[in-house]
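Order of appearance sets the numbers: ligands from 1, and atoms from 1 within every ligand. Positions are given from 1 along the sequence. Source: prediction; values computed, not measured.
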Amino acid sequence: MTRSRNTRVASDAGHIYPNCERGKQMRIGVLTGGGDCPGLNAVIRAVVRKGIEAHGWEVIGFRNGWRGPIEGLTKQLGLDEVEEILTRGGTILGSSRTNPYKEEGGVEKIREVLAQHKVDALVAIGGEDTLGVAKRLTDDGIPVVGVPKTIDNDLGATDYTFGFDTAVHIATEALDRLRTTAESHHRALVVEVMGRHAGWIALHSGIAGGANVILVPERQFNVEKVVEWVERRFERQYAPIIVVAEGAVPEGGAEVLHSGELDAFGHVRLGGVGQWLAEEIAQRTGKESRAVVLGHVQRGGTPTAYDRVLATRFGLHAVDAVHDGDFGVMVALRGTDIVRVKLSEATAELKTVPEERLTEAEVFFG
Ligand code: F6P
């Protein structure tokens, strides 16, 4: 990567980005892709504030994920537009699961729209899918810097993604509330949380909320063992709370799908394992057992202070990367530092819950 001042910027793949000379007056685009999550607006605000105040750049928003730069759907982003958005959930830019590589001429359209709007570089805020596209676009000569978001916390190369802390907080509060009603009625409560193929939300909310069983996609579960833990809890005159990740799988079974439909990135829609498990528990124990699906509640509303800070720092550092002409990278959290990692590294594989994290939680089961 060429780094010296006022020189042309080249990617590792050898692409020259002629409009991205260091020190140049720039016009940058920002977009948010994939499932929304709390903190997206905090990133947008930080990018706009730093881009304008520190560098005198112009910032333009693209609406609805990659759909925006494909169809030229824009939103002006000045200082006024980002006032009072720090605490707001969702994204003022809108989002979508559009994959430009699945659309006829998608990449060429992006190139044309960026040229038409005189956009020199993009900041793409998203999870594995959005950032996978960002990587391919950078390889294809379109300069992009990535910012990692997802409530699932399953992106490699960063310790945490923003949105995760808020989702865990919401799920934990739900568990606290469900426990009191479960105790009153001597019921087992099965709480299904999101996370797709990673069990981070289940593990963290389960530990924080004192769950009696935590089931995650990383380790298939034995229904008889779950029933044993549930009965042990009832014997001690307490109501069992079981946290199950939407992607958790019973031994010898398969993921429970909400529908067989695939999105543009080939993902299935998960959901239903909680209800299935609640019925199994009721049948095998004879005790009343109910399922609660937290669903999109986990993604909505205002971000926690932790997520606001993390999202803000990611936005500021993404602008630094653009300023340095360092494209094809994602800003990432390592310990307490924000670093840059290659998008190829960030999207290479999902970060799943390690076995030892599950084992250490087991002492609380039953
Ligand atoms: O990736 C975030 C996430 O909320 C997953 O936890 C969940 O499986 C998926 O998105 C749901 O997607 P949608 O909002 O498209 O139903």
Check your understanding: For atom 2 (C) of ligand 1, what's the nearest protein heavy atom and its distance?
Key -> Asp152 OD2, 3.3 Å
Study note, to complete from the structure: Among His258, Glu246, Met194, Arg196, the residue with a heavy atom nearest to atom 8 (O) of ligand 1 is Glu246
Exercise for review: Indicate, as side chain, backbone, both or neither, the part of Ile151 found under 4.0 angstrom from ligand 1 when only non-hydrogen atoms are considered.
Suggested key: side chain
**Study point:** Proximity winner for atom 11 (C) of ligand 1, if only heavy atoms of Arg269, Glu128, Arg299 are counted
**Key:** Arg299
Check your understanding: Checking Arg136 against Tyr101: charged group under 6.0 Å from the ring centre and within 45 degrees of the axis?
Key -> yes
Check your understanding: Does a side-chain N-to-carboxylate-O contact under 4.0 Å join Arg357 and Glu360?
Key -> yes
**Study point:** Asp129 side chain to His267 side chain, donor-acceptor N/O pair below 3.5 angstrom
**Key:** yes
Practice item. Could you establish whether Gln298 and ligand 1 come within less than 4.0 Å of each other, counting only heavy atoms on the residue side? Key: no
**Study point:** cation_pi(Lys75, Phe62) dist<6.0 Å, angle<=45
**Key:** no
**Study point:** Aromatic plane relationship, His55 with Trp57 - under 30° parallel, 30 to 60° tilted, over 60° perpendicular
**Key:** parallel
**Study point:** Distance from atom 12 (O) of ligand 1 to nearest protein heavy atom, with residue and atom
**Key:** Arg97 NH2, 2.9 Å
Practice item. Verify the ring-centre separation between Tyr306 and His169: is it less than 6.0 angstrom? Key: no
Practice item. Check whether any heavy atom of Leu270 sits under 4.0 Å from an atom of ligand 1. Key: no
Practice item. Tell me whether the guanidinium CZ or amine NZ of Lys102 lies under 6.0 angstrom from the six-membered ring centre of Trp66 and within 45° of its axis. Key: no
Study note, to complete from the structure: Under 4.0 Å from one or more heavy atoms of His296, ligand 1 contributes atoms 13 (P), 14 (O), 16 (O)
Practice item. Would you check whether Gly195 reaches within less than 4.0 Å of ligand 1, judged by its heavy atoms? Key: yes
